[in-house]
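So the structure is just underneath, and the comments pick up after that.
Whatever order the structure lists ligands and atoms in, that order sets their numbers, starting from 1.
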Amino acid sequence: MYFNILTLFPEMFNGPLNESMIGRAQENDLLDINIINIRDYASGKHQVTDDAPYGGGAGMVMKVEPVYKAWEDKCRNEKDSSPVILMSPQGRKLNQEIVKDLSAQEGLTVICGHYEGFDDRIRSSIVTDEISIGDYVLTGGELAAMVLIDAVARMIPGVLGDENSVINDSFYNGLLDYPHYTRPRSFKGMEVPEVLLSGNHAEIDKWRQQESLKRTLLRRPDLLEMKTLTDEEIELLEDIKKDLKVKKR
Ligand code: 4GX
């Protein structure tokens, strides 16, 4: 899979995407990240990429031509009609379902905006999708783009080793992850749950499923409402709710 990133700050991408799993994925040619500097496509001696807004008001607006030219030169491709994603607080909010859908694409182009906003003709000419990583305001789209790329790239087969399989992810089955423990057995008086030391794998699986359900119920009940529960899960949830009521008394 490839990513084309249109940005005014190409250096920002150097660290995060060249380390760890995403760095390895690039070395193994599972992933190709092309960073394109929008400023290279700005005209004039000063290569200006922003301008004052028509109609007046505070703040600067990102110009349409440099972004359009960068896209035309580096991303327009007859064989491939990959989505062009604008990172923006006005987009649909990113979640694991969107991440999974995007990972099925051959490639993605991601535009990182800066300044107070964008000439809206960037949207109407090339953008096909607009994504937000959450309801808060960043100084630019770069960090948001890196979040998107990281989440999408790890879904590509082969990017994660077997040990880090996505099957165990929080959200993979619509529930939060269960608690994990490793050595030592005892730390400052806090013990590892006995069942995990029992060697009884049926019991361990059941405990993990219960803990996943309990965490989801307590922290993210909205996830339970969205999920179709199995009969077993419904039963376990009833037990957990009873147990929690007993503890409250
Ligand atoms: N999730 N920002 C983009 C500039 C901007 C403004 C309007 C396009 C249109 C953000 C987020 C985010 C701040 C990135 C404003 N670009 N991006 N930037 N939340 O806050 O993705």
NZ/NE/NH1/NH2 to OD/OE distance under 4.0 Å, Lys69 and Glu65: no

Would you list the atom pairs, donor with acceptor, under 3.5 Å between side chains in residues 201-211 and any protein atom, with sequence neighbours excluded?
none

Ligand-side contact atoms (ligand 1) for residue partner Ala144, heavy atom cut-off under 4.0 Å: 17 (N), 21 (O)

Sub-3.5 Å N/O-N/O distance, Leu86 and ligand 1: no

Could you list the donor-acceptor pairs under 3.5 angstrom formed by side chains in residues 132-151, with sequence neighbours left out?
residue: Ser132; atom: OG; partner: Gly134; partner atom: N; Å: 3.1
residue: Ser132; atom: OG; partner: Gly134; partner atom: O; Å: 3.1
residue: Asp135; atom: OD2; partner: Lys93; partner atom: NZ; Å: 3.3
residue: Tyr136; atom: OH; partner: Ile133; partner atom: O; Å: 3.1
residue: Glu142; atom: OE1; partner: His114; partner atom: NE2; Å: 2.8
residue: Glu142; atom: OE2; partner: Thr7; partner atom: OG1; Å: 2.6

Atom 17 (N) of ligand 1: nearest protein contact (heavy atom, Å): Ser88 N, 3.5 Å

CG-CD1 distance between Leu8 and Ile36, expressed to the nearest 0.5 angstrom: 12.5 Å

For atom 18 (N) of ligand 1, closest protein heavy-atom neighbour: Gly113 O, 3.9 Å

Structural part of Ser132 in contact with ligand 1, heavy atom criterion under 4.0 angstrom: both

Residues Glu233, Lys227: salt bridge by 4.0 Å N-O rule: yes

Numbered atoms and elements of ligand 1 in range of Gly141, under 4.0 angstrom, heavy atoms: 3 (C), 14 (C)

Closest protein heavy atom (residue, atom, distance) for atom 20 (O) of ligand 1: Leu138 N, 2.9 Å

Under 4.0 Å to a heavy atom of Gly117 - the qualifying atoms of ligand 1, by number: 6 (C), 7 (C)

Nearest neighbour in protein (non-hydrogen) for atom 2 (N) of ligand 1: Pro89 CD, 3.7 Å

For Val137, atoms of ligand 1 separated by under 4.0 Å from a heavy atom: 20 (O)

Sub-3.5 Å N/O-N/O distance, Phe118 and ligand 1: no

Where ligand 1 meets Gly134 - atom numbers and elements under 4.0 angstrom, heavy-atom basis: 19 (N)

Glu130 side chain near Gln90 side chain, heavy-atom distance below 4.5 Å: yes

Pair Asp243 + Lys214, salt bridge at N-O below 4.0 Å: no

Spacing of CG belonging to Leu236 relative to NZ belonging to Lys241, to within rounding of 0.5 Å: 12.0 Å

Backbone N/O of Arg39 and side chain of Asn37: donor-acceptor pair under 3.5 Å: yes

Verdict with reasoning, Ile126 to Ile111, per side-chain contact (heavy atoms from CB on, under 4.5 Å): CA-CA 10 Å; Ile126 59 177; Ile111 304 178; 3.9 Å; yes

Heavy-atom nearest neighbour in the protein, as seen from atom 3 (C) of ligand 1, with distance rounded to 0.1 Å: Met87 O, 3.6 Å

Numbered atoms and elements of ligand 1 in range of Gly140, under 4.0 angstrom, heavy atoms: 14 (C)

Where ligand 1 meets Tyr136 - atom numbers and elements under 4.0 angstrom, heavy-atom basis: 19 (N), 20 (O)

Closest approach of any protein heavy atom to atom 1 (N) of ligand 1, naming residue and atom: Ile133 N, 2.9 Å

